[in-house]
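Here's the structure, in structure tokens; my notes come after.
Labels below follow one simple rule: chain letters A, B, ... track the order of the sequence lines, proteins then strands, and each chain is numbered from 1.
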Amino acid sequence: MYEPVDKSFFEAPGLELAKQLVGQYIVHELPEGRIVARIVETEAYQGPEDRAAHSFGNRRTKRTEIMFGDAGLVYTYQMHTHTLINVVAGPVGTPHAILIRAVEPVEGHALMRENRGPKLKEVDWTNGPGKLTVALGITMDYYGHHWSHKPLFISKGERLGPIEAGPRVGIGNSGEAVHYPWRFYEIDNPFVSKYRK
DNA sequence: CTACTGATGGTCT
DNA sequence: GACCATCAGTAGG
């Protein structure tokens with residue numbers, strides 16, 4: 001069924017990996033059941049040159065430390081009241097990361113509905129980086145986990161439609177980096193967090 | 001459909 | 001004490 005990808009999957013350069021992640025499955029195996037979701041939107045953050053990255057200028061703190069480690073590690077962090085989740089990219093010492101911005105439910109719909117609340121429509125369960133972690137049951141405890149290991153892992157999926165590149169979301173004060181087209185998403189997929197004019 | 005806004009708490013200086 | 005890689009709500013076209 002669903003098996004983790006090989007560790008070597010994560011060795012691609014940051015921008016390449018961000019594109020390749022679109023279409024892959026995130027699988028979370030919980031005692032209550034299995035949740036599977038397809039990645040439809042990602043963003044690449046490439047410290048130390050990227051003003052918008054937490055690791056800009058090789059800033060190395062308790063929070064960013066994991067990005068200096070192996071590709072494929074899980075980088076979680078808190079944004080206001082939400083948990084956001086990333087895939088570490090680049091060789092050891094290069095603090096790149098890919099933010100998972102939106103996914104599409106594949107399996108475990110009942111669990112996701114339970115996690116997000118019975119009043120919400122399915123499209124609102126996972127169409128944003130802070131929403132999908134709640135839906136999938138992902139917490140800060142996964143900081144430093146590896147995406148090739150159970151119970152939370154990336155599994156081979158399929159690209160269903162063409163993807164498009166555009167500027168990243170929510171990084172207002174980042175100078176030139178604001179315009180870099182480092183956001184990748186499946187065109188017309190209803191779970192993509194937002195479309196720009 | 002878009003645009004704006006208040007709530008929110010962890011992290012870093 | 002400032003700064004957010006956000007969300008849910010509301011108001012209006």
(message) Heavy atoms from C-beta onward define the side chain here; which of dT6(C), dC12(B), dC4(C) lies closest to that of Arg59(A)?
(response) dC12(B)
(request) Determine which bases of DNA chain B form Watson-Crick or G-U wobble pairs with both distances under 3.5 Å, and write the result as a 5' to 3' dot-bracket string with | for other-strand partners. (result) |||||||.||||.
(message) Tell me whether the side-chain N/O atoms of Thr81(A) come closer than 4.0 Å to OP1 or OP2 in dG9(B).
(response) no
(request) Measure from CG on Asp50(A) to C1' on dA5(C) and round the result to the nearest Å. (result) 10 Å
(message) Before we go on, tell me: are the rings of Tyr75(A) and His145(A) under 6.0 Å apart, centre to centre?
(response) no
(message) Rounded to whole Å, please give me the gap between NE2 in His54(A) and P in dT6(C).
(response) 9 Å
(message) I want to verify a distance call: between dT13(B), dC7(C), dA5(C), whose nearest atom is closest to the Lys131(A) side chain?
(response) dC7(C)
(request) Kindly indicate, with the supporting measurements, whether the criterion ring-ring contact (aromatic ring centres under 6.0 Å, His included) is fulfilled by His146(A) and Phe153(A). (result) CA-CA 8 Å; His146(A) 199 281; Phe153(A) 58 94; over 10 Å; no
(request) Decide if atom CD of Glu49(A) counts as having more than 12 heavy atoms of other residues, nucleotides or ligands within a radius under 6.0 Å. (result) no
(message) Any base atoms under 4.0 Å from Arg116(A), or only sugar-phosphate, or nothing? Heavy atoms, all strands.
(response) sugar-phosphate
(request) Return the value, rounded to whole Å, for the distance between atom CZ of Arg168(A) and atom P of dT6(C). (result) 12 Å
(request) Test Asn127(A) against Val192(A) for side-chain contact (heavy atoms from CB on, under 4.5 Å), laying out the working first. (result) CA-CA 6 Å; Asn127(A) 63 341; Val192(A) 169; over 6 Å; no
(request) Give a yes or no on whether the backbone of Lys7(A) and the side-chain of Glu11(A) come within a donor-acceptor separation of less than 3.5 Å. (result) no
(message) Could you tell me if Arg63(A) sits above the aromatic ring of Tyr143(A), with its cationic atom closer than 6.0 Å to the ring centre and no more than 45 degrees from the axis?
(response) no
(request) Please state whether the phosphate of dT6(C), meaning OP1 or OP2, lies under 4.0 angstrom from any side-chain nitrogen or oxygen of Arg101(A). (result) yes
(message) Mind checking if Ile171(A) touches a base, just sugar-phosphate, or nothing, with heavy atoms under 4.0 Å?
(response) sugar-phosphate
(message) Both Met79(A) and Lys62(A) contact DNA chain B. Which one's nearest nucleotide lies toward the 5' end?
(response) Met79(A)
(request) For dA5(C), take OP1 and OP2 only and decide whether either is under 4.0 Å from a side-chain N or O of Asn86(A). (result) no
(request) Would you mind reading off the distance between Tyr77(A) atom OH and dT6(C) atom P, rounded to a whole angstrom? (result) 6 Å
(request) Write down the distance between CZ (Arg60(A)) and P (dT11(B)), rounded to a whole number of angstrom. (result) 18 Å
(request) Using whole Å, report how far CE of Met140(A) lies from C1' of dT6(C). (result) 15 Å
(message) Is it true that His96(A) and Thr94(A) share a donor-acceptor pair across their side chains at a distance under 3.5 Å?
(response) no
(request) Starting at atom CZ of Arg63(A), determine the distance to atom P of dG10(B), rounded to an integer number of angstrom. (result) 13 Å
(message) In the structure I gave you, are the side-chain heavy atoms of Glu43(A) and Val169(A) within less than 4.5 Å of one another anywhere?
(response) yes
(message) With a 4.0 Å limit, can you tell me whether His80(A) has a side-chain N or O closer than that to the phosphate oxygens OP1/OP2 of dC7(C)?
(response) no
(message) If you compare every side-chain N and O of Lys194(A) against the phosphate oxygens of dT6(C) (OP1, OP2), does one of them come in below 4.0 Å?
(response) no
(message) Please report the distance, rounded to the nearest Å, between CD in Gln78(A) and P in dA7(B).
(response) 20 Å
